[in-house]
Protein chains: 2
Amino acid sequence: MDDRKRRILDFIIQDYVATAVPVGSRTITRKYDIGVSPATIRNEMSDLEALGYLDQPHVSAGRVPSVKAYRLYVDDLIARADSLLAPDEEAWRYFAGRLTQLEDAAQCAAKALSELTRMTSVVMMPSQPDMRITTLQLVPMPKGAALLVMVTDSGLVRETVLRVSDSLDADALYAISRSMTETLSGRSVLEVQHMLDAFAARGGAQQRVLDGIRELASQMARQASEDTVFLEGTHNILNFPEYAEVSKARSFLSVMEDRKRLLGIIRGDQELITVRIGQELTLPEIDDCSLITVRFELGAYHGLLGVIGPMRMPYRQTLRTLTTISRSLTDMFASEE
Amino acid sequence: MDDRKRRILDFIIQDYVATAVPVGSRTITRKYDIGVSPATIRNEMSDLEALGYLDQPHVSAGRVPSVKAYRLYVDDLIARADSLLAPDEEAWRYFAGRLTQLEDAAQCAAKALSELTRMTSVVMMPSQPDMRITTLQLVPMPKGAALLVMVTDSGLVRETVLRVSDSLDADALYAISRSMTETLSGRSVLEVQHMLDAFAARGGAQQRVLDGIRELASQMARQASEDTVFLEGTHNILNFPEYAEVSKARSFLSVMEDRKRLLGIIRGDQELITVRIGQELTLPEIDDCSLITVRFELGAYHGLLGVIGPMRMPYRQTLRTLTTISRSLTDMFASEE
DNA sequence: GTTAGCACTCTTCCTTGGTGAGTGCTAACA
DNA sequence: TGTTAGCACTCACCAAGGAAGAGTGCTAAC
């Protein structure tokens with residue numbers, strides 16, 4: 001494939017991404033000064049089609065990039081990764097808001113991504129199978145209640161409200177907290193859950209507290225073993241002419257509902273950047289969509305940021321936004337812990 | 001309006017709610033055994049139209065209930081409120097999941113509502129202008145961090161992660177927590193926010209903690225003065241043939257984005273049940289929708305649960321679901337505090 | 001190797017006529 | 001007086017038939 005073919009292919013991708021309309025030979029000469037006539041372009045396009053880089057919806061329509069064309073384009077984009085390193089200023093500013101906890105950060109990132117890209121964003125927090133408890137603390141609440149707060153070594157926080165005896169003041173709650181922390185800190189959430197399951201029916205004064213710990217531990221254990229996913233901006237899909245039919249939009253949305261399925265697809269991604277184009281996504285209902293995922297680091301583990309949109313998506317800009325947010329997430333966790 | 005007219009009107013509403021297709025005179029005789037011929041029904045329908053209870057999309061279509069008809073139907077439904085008192089078993093079971101905090105409960109209720117009704121749900125938590133701080137507590141976290149937890153008298157909890165000196169162990173953090181609580185407890189969040197604004201640039205060892213408190217206080221103050229809204233299931237609108245055009249669906253969704261506008265409409269509702277039908281909603285973009293809100297109690301204040309869907313909605317079932325969830329929310333808060 | 005010209009294809013949009021659901025009116029009937 | 005059958009009429013809906021336009025492939029000339 002010579003240079004001119006390559007340039008024409010790039011023009012077609014660029015134009016189709018922008019307009020969603022099949023690109024004809026005249027359109028190219030009108031919009032992009034390539035120095036040859038439509039007829040020549042036609043010959044080249046004919047060659048490109050033979051090579052498998054272009055599809056023709058029907059004989060009298062323009063050409064549309066094939067999966068192979070997007071693949072070429074994206075692989076090239078990733079190879080010249082330096083162009084993606086320049087941070088996306090808008091994304092930086094957008095995501096500068098203050099974040100407190102892991103989940104906040106993930107949800108916040110998902111929201112930022114979906115608003116910046118105007119597509120659907122997905123964030124996978126990594127599973128942390130060996131997460132250990134560092135602190136348990138009871139915080140007094142009004143009317144005989146207390147907030148049980150559980151903190152793990154990875155900075156995950158969970159809390160629940162308990163009913164406790166009115167006779168317990170702040171100091172008493174703190175004393176209990178200390179002894180609980182002493183007993184349980186350093187143990188994994190799974191271990192704690194099993195320990196307390198054994199105690200379950202023991203009864204007694206502090207039963208409610210134990211139940212609370214057990215509940216939190218099991219919540220955390222669940223979260224520790226399964227990766228969790230956040231989705232935002234699912235209904236941005238309506239902005240794309242590809243999804244102008246409600247039935248298509250609905251099928252897209254119902255695919256998005258099934259988070260386990262999505263998770264199953266992206267879970268294994270180890271590369272810094274993974275791009276799945278069209279059928280590569282292995283979601284037949286939305287085989288005209290693409291999914292880009294970018295890794296971020298969270299201690300020893302890694303999570304994924306992703307964007308789902310039509311196959312015809314602005315790959316370059318989307319990748320920049322993704323890498324920018326991914327980098328700031330990685331930095332944030334690195335500094336916080 | 002005599003009894004037979006009323007019965008015919010009810011049939012038309014019932015059928016139109018179920019099918020979204022204008023109801024003709026023959027349809028009525030076929031589906032509902034009313035004992036008279038289509039011609040008679042036609043005469044009655046003609047009368048009902050003259051009375052303003054029916055509309056006719058065009059001359060050779062069946063009839064469609066008017067706003068006035070829905071109004072009559074709904075007012076009647078509310079008047080015979082006892083029929084709504086029977087709790088919706090499915091809703092009960094669905095909503096039986098354990099809840100920890102106010103926001104959790106609200107969000108959870110919103111989710112349950114949208115899934116049960118298959119429409120868009122809205123939950124408004126009440127503003128609590130005189131909310132006061134009861135506890136401030138620092139919980140140790142790994143790597144020189146601490147979780148600052150703030151609890152108010154109404155049971156609202158907020159927390160944020162702070163960086164603190166490594167030299168502070170659990171006991172030291174507790175000592176700080178005690179003195180903070182002593183100083184600030186009983187004060188309103190607004191007061192605290194202003195106090196700390198004055199101190200802002202003071203610097204010093206505990207500056208980070210003070211900043212944390214200030215931030216939380218201002219978050220809470222914002223929440224205390226503004227009511228907060230949760231929306232769920234916005235894209236359920238796609239399930240209705242009325243919104244089969246993507247452009248309509250999009251305009252619905254963009255109305256839903258503007259929470260302040262929604263809030264402005266429902267904020268003032270004092271009744272136990274408020275039903276806004278069609279234009280009564282004063283949202284011209286979606287003037288073929290209805291909004292039902294039901295009050296729930298939260299201490300001295302009240303919040304609202306609502307469902308938004310097409311004007312042609314199953315009012316009776318929706319009201320039952322709403323009142324059931326509302327009652328269980330009210331109960332939950334009453335017992336918890 | 002490039003370009004102009006031309007016949008050809010096929011989608012899109014508009015028009016047109018047929019079909020059927022539903023109505024309103026009138027006249028007959030109980 | 002209320003109910004019913006019959007009938008002409010209206011109008012949305014749908015399928016079929018062009019006309020227009022965009023785009024192609026091929027051929028022949030530059």
Nucleotide [N], atom [atom2] - distance to [atom1] of [X] in whole Å:
X: B:Met45; N: C:dC25; atom1: CE; atom2: C1'; result: 16 Å
X: B:Arg26; N: D:dT4; atom1: CZ; atom2: C1'; result: 15 Å
X: A:Asn43; N: C:dG5; atom1: CG; atom2: C1'; result: 14 Å
X: B:Asp2; N: D:dT1; atom1: CG; atom2: C1'; result: 14 Å
X: A:Asp47; N: D:dT24; atom1: CG; atom2: C1'; result: 14 Å
X: B:Glu44; N: D:dT1; atom1: CD; atom2: C1'; result: 13 Å
X: A:Asp55; N: D:dT24; atom1: CG; atom2: C1'; result: 16 Å
X: A:Ile41; N: D:dG25; atom1: CD1; atom2: P; result: 13 Å

Should [X] and [Y] count as an ion pair when the cut-off is N to O under 4.0 Å?
X: B:Asp269; Y: B:Arg276; value: yes
X: A:Glu271; Y: A:Arg295; value: no
X: A:Arg6; Y: A:Asp2; value: no
X: B:Glu280; Y: B:Arg71; value: yes

Can you find an N or O donor on one side and an acceptor on the other, under 3.5 Å apart, linking the side chain of A:Arg42 with the base of C:dG5?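 Checked by distance alone, the answer is yes.
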Does one side chain, of B:Asp75 or B:Tyr70, offer a donor that lies under 3.5 Å from an acceptor on the other?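 Distance-only check fails for B:Asp75 and B:Tyr70.
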Is the phosphate of [N], meaning OP1 or OP2, less than 4.0 Å from a side-chain N or O of [X]?
X: B:Ser46; N: C:dT23; value: no
X: A:Arg4; N: C:dT2; value: yes
X: B:Thr40; N: D:dT4; value: yes

Quick one: OH on B:Tyr315 to CG on B:Leu319, what's the gap to the nearest 0.5 Å? 9.5 Å
For DNA chain C, which residues of residues 56-66 of chain A approach it to below 4.0 angstrom with any heavy atom? A:His58, A:Val59, A:Ser60
Considering heavy-atom distances to DNA chain C, does A:Gly35 or B:Pro22 have its closest nucleotide positioned more toward the 5' end?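 Nearest nucleotide further toward 5': that of A:Gly35.
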Does the side-chain hydrogen bond (donor to acceptor under 3.5 Å, both in side chains) test come out yes or no for B:Glu44 and B:Thr40, once each step is laid out? CA-CA 6 Å; B:Glu44 297 287 43; B:Thr40 310; over 6 Å; no
Tell me the partner of D:dA29, counting only Watson-Crick (N1-N3 plus N6-O4 or O6-N4) or G-U wobble (N1-O2 and O6-N3) with both under 3.5 Å; none if nothing fits.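 The answer is C:dT2, by the H-bond criterion.
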Considering only heavy atoms, which members of residues 7-15 of chain B lie under 4.0 Å from some atom of DNA chain D? none
Would you sort out whether B:Tyr243 and B:Asn236 count as a side-chain hydrogen bond (donor to acceptor under 3.5 Å, both in side chains), showing the intermediate values? CA-CA 10 Å; B:Tyr243 282 80; B:Asn236 279 336; over 6 Å; no
Donor-acceptor list for residues 52-64 of chain A side chains, cut-off 3.5 Å, not counting sequence neighbours:
residue, atom, partner, partner atom, Å
A:Gln56, NE2, A:Val59, O, 3.2
A:Arg63, NE, A:Glu49, OE1, 2.8
A:Arg63, NH2, A:Glu49, OE1, 2.9

